[in-house]
Amino acid sequence: MTKLTRKERMQKAEEMAGISFWVDLRKGRLSKYAIQKKVRNFIMLFFRYAILICLGFVVITPLWKLAKDALTDPNVLADKSSIWIPQKTSGLFLDMAMSKQLLNYWGSLGYTLLTTAILTFLQVLSAGLAAYSFARLKFKGNNILFFFVVLTIVVPSDGIMLAQYAAFRNFDIFGLIGLITGHGLNLIGKPSSLYILSGLGMGVKSGLYIYFLRQGVKGLPISIEEAAHVDGAGFLRTFFSIVVPSMSGSILTVSVLSFLWNYTDTYYKGLFQLGSKNLVYNYSTLQSNIRWGIDAAARTNQAWLEQVNPSSPFIQNSTISACALLVVLPLLIMYCFVQKRFVQGAARSGLGGD
Amino acid sequence: MKKGENKAVKKKAFSLSYKKLDYEKKTAVWGVIFLLPWLLGLIFFFLRPLVNTVWYSLCSMQMVDGKFTGTFTGLNNFKYALTVNADFTQYLAEAFLNMLKEVPFQIFLALFIAMLLNGEYKGRGFFRAIFVIPIILATGVATFSLSETSLAVTESETVMDMQWLTDLVVNSGIPTELTSLLTSYVENIFTVVTTCGVQILLFLSGLQAISPTLYEVAQMEGCTAFETFCKITLPMVSPTILVCLVYSIAESFANAKVSVGQQTVALSSYIHDVTFTGDPMYYGYGSAMSFIYFAATLVTIGVICGIVSKGVFYYD
């Protein structure tokens with residue numbers, strides 16, 4: 001047995017205790033390694049914030065300009081000396097944009113949010129079922145059918161719009177409705193046309209959701225589902241009480257995207273003539289006749305009539321900015337609440353042997 | 001006699017209850033049931049119209065008494081688009097090269113930003129909320145053009161002056177093809193950030209699905225940050241990379257801009273113009289062009305994703 005010096009023994013004891021790496025016990029201060037790590041963490045944090053703030057600035061600029069135009073007082077609109085913050089703020093343009101003549105905001109917001117929520121639910125449900133089938137429930141021809149999912153992502157919707165219109169103008173299920181009433185149902189102008197389209201997995205960008213959710217399912221360890229089957233759960237039960245909860249992150253992402261795209265979609269609303277009560281559609285048609293809109297709105301209020309000149313490009317710009325801001329705002333508020341629910345997935349933890 | 005027996009057996013087999021099916025067959029049955037809604041939608045609202053487009057592309061369309069009638073001409077329209085029209089193939093090649101340049105950078109940047117957004121730090125809710133704005137803005141809700149008069153304010157806004165960097169790289173002696181690519185990336189970084197909102201969101205969700213235990217293990221084993229990225233993060237988000245690739249390539253082709261004469265026009269609107277503003281004769285020709293366009297996109301996605309999917313990691 002070799003005799004160790006006192007210093008060496010000390011070192012060895014510390015190493016065995018596993019603390020000397022971090023704290024130098026004898027001197028009672030942080031060790032070299034701990035300081036190194038602290039410095040490294042600080043630099044990482046600094047760069048993280050630097051990059052995020054820079055990119056965030058780029059991303060937020062258009063929205064900030066929109067808000068600035070919308071909140072400027074009509075009398076100082078032409079003033080170019082203020083770029084970021086208006087010289088004098090006023091809520092006049094917001095009030096005007098909310099009026100019945102322009103957006104009819106409170107009247108149409110509820111309807112728009114409700115229909116969008118229904119569309120989102122149907123779309124996510126159909127996409128989830130299809131995705132699970134593609135990922136796990138293999139049958140012959142499965143892979144060939146999946147090729148069509150990619151096809152639906154690639155083919156733009158204007159290539160097939162006429163036929164879709166015709167299908168809903170004269171809607172029929174295998175000729176059954178025709179047998180009873182003699183002709184198909186006319187679903188144009190009824191929200192059910194879009195519900196059917198979304199429920200059957202052909203809504204706005206459904207293909208992408210199916211693809212994304214399929215990848216999500218494939219990323220789950222199959223052993224949980226097998227265990228569920230062995231324990232006697234049916235396929236539906238396995239899907240709804242095992243797969244859906246463990247993919248809640250992916251499903252939430254898809255729901256957010258689906259809500260966002262369904263809310264802002266004006267193409268299908270125009271095609272199926274669902275626009276009259278829809279906030280976003282009204283907004284999109286407003287752009288071409290903003291002048292008459294401002295004119296009509298200003299006539300209802302003496303104060304607006306005095307301050308607003310419908311033919312001024314500045315006034316028109318600010319009014320549309322206010323409308324755009326009001327249209328975008330519900331989405332932002334909704335996302336702020338939803339993003340808190342993006343939490344670290346726990347599905348794979350607690351699974352030994354995988 | 002034997003034949004009759006066989007028939008009886010067959011009938012019996014046919015009327016076997018669902019419960020007696022083996023597991024694989026049950027899986028197949030439920031696979032069809034789960035897929036049924038999508039399948040119906042596919043047949044009625046997607047394939048039927050698509051077949052029409054293919055049929056038109058094989059015809060020469062004519063307007064007779066206010067009705068479209070097609071006379072079958074075989075592959076003439078395709079031949080015309082690919083061999084006679086000098087511009088179209090060139091536009092396709094341009095769109096393809098543009099995609100090759102754009103998409104890898106988009107994916108890289110999106111993954112990078114998603115990783116920055118992902119960790120634990122103060123104000124992360126705020127930053128996450130900010131990075132959903134590009135998705136909203138990309139839908140065109142907040143962009144508008146005034147029809148009557150345009151505002152005479154032409155602000156030439158450059159967020160950053162990158163000229164010094166360009167000069168530095170150009171004079172450094174690296175081949176010019178490489179430097180021009182590099183500087184174009186740096187100059188366009190802000191526009192690229194605004195186009196990859198969806199990819200960021202998808203990556204964020206992919207990163208969140210990674211179990212923290214894996215990182216704990218890596219830390220215990222003494223992995224460096226780079227090793228952790230290569231061995232854990234990259235394989236675990238590889239399925240998401242595949243989705244993002246498909247989406248980015250499809251979007252890049254769909255929004256491809258080509259220079260027609262002096263102007264830059266979207267390729268899709270070029271096809272649209274040929275189809276609808278020309279003679280009805282061109283209707284079939286336009287359909288043929290859009291068909292080639294889809295096919296080119298599909299083949300590109302197929303080839304690229306075929307290669308990438310070899311490296312994708314799945315649990316099963």
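- Of the atoms belonging to K205(A), it is side-chain heavy atoms, and not backbone ones, that fall under 4.5 Å from chain B.
- Partners of F291(B) under the ring pair (Phe, Tyr, Trp, His ring centres under 6.0 Å) rule, at least two apart in sequence or in another chain, are F78(B).
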Check step by step if ring-ring contact (aromatic ring centres under 6.0 Å, His included) holds for F239(A) and F34(B).
CA-CA 10 Å; F239(A) 178 70; F34(B) 271 52; 5.4 Å; yes

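- Between I153(A) and A250(B) the shortest heavy-atom distance is CG2-CB, 4.1 Å.
- Across V59(A) and F131(B), no two heavy atoms sit closer than the pair CG2-CE2, 4.1 Å.
- Annotation: Y247(B) is not in aromatic contact with F212(A) [ring centroid separation under 6.0 Å not met].
- Side-chain atoms of Q215(A) do not come within 3.5 Å of backbone N or O of T240(B) as any donor-acceptor pair.
- The minimum heavy-atom distance linking I113(B) with L55(A) is given by the pair CD1-CD1, 3.6 Å.
- Remark: F148(A) CZ to L50(B) CG distance equals 8.5 Å, nearest 0.5 Å.
- Counting all heavy atoms, side chain and backbone alike, K122(B) lies closest to Y49(A) at O-OH, 2.6 Å.
- Heavy atoms of L52(A) lying under 4.5 Å from chain B belong to its backbone as well as its side chain.
- Separation of the W38(B) and F134(A) ring centroids falls under the 6.0 Å cut-off.
- Contact check for I136(B) versus Y335(A): no side-chain heavy atoms found under the 4.5 Å cut-off.
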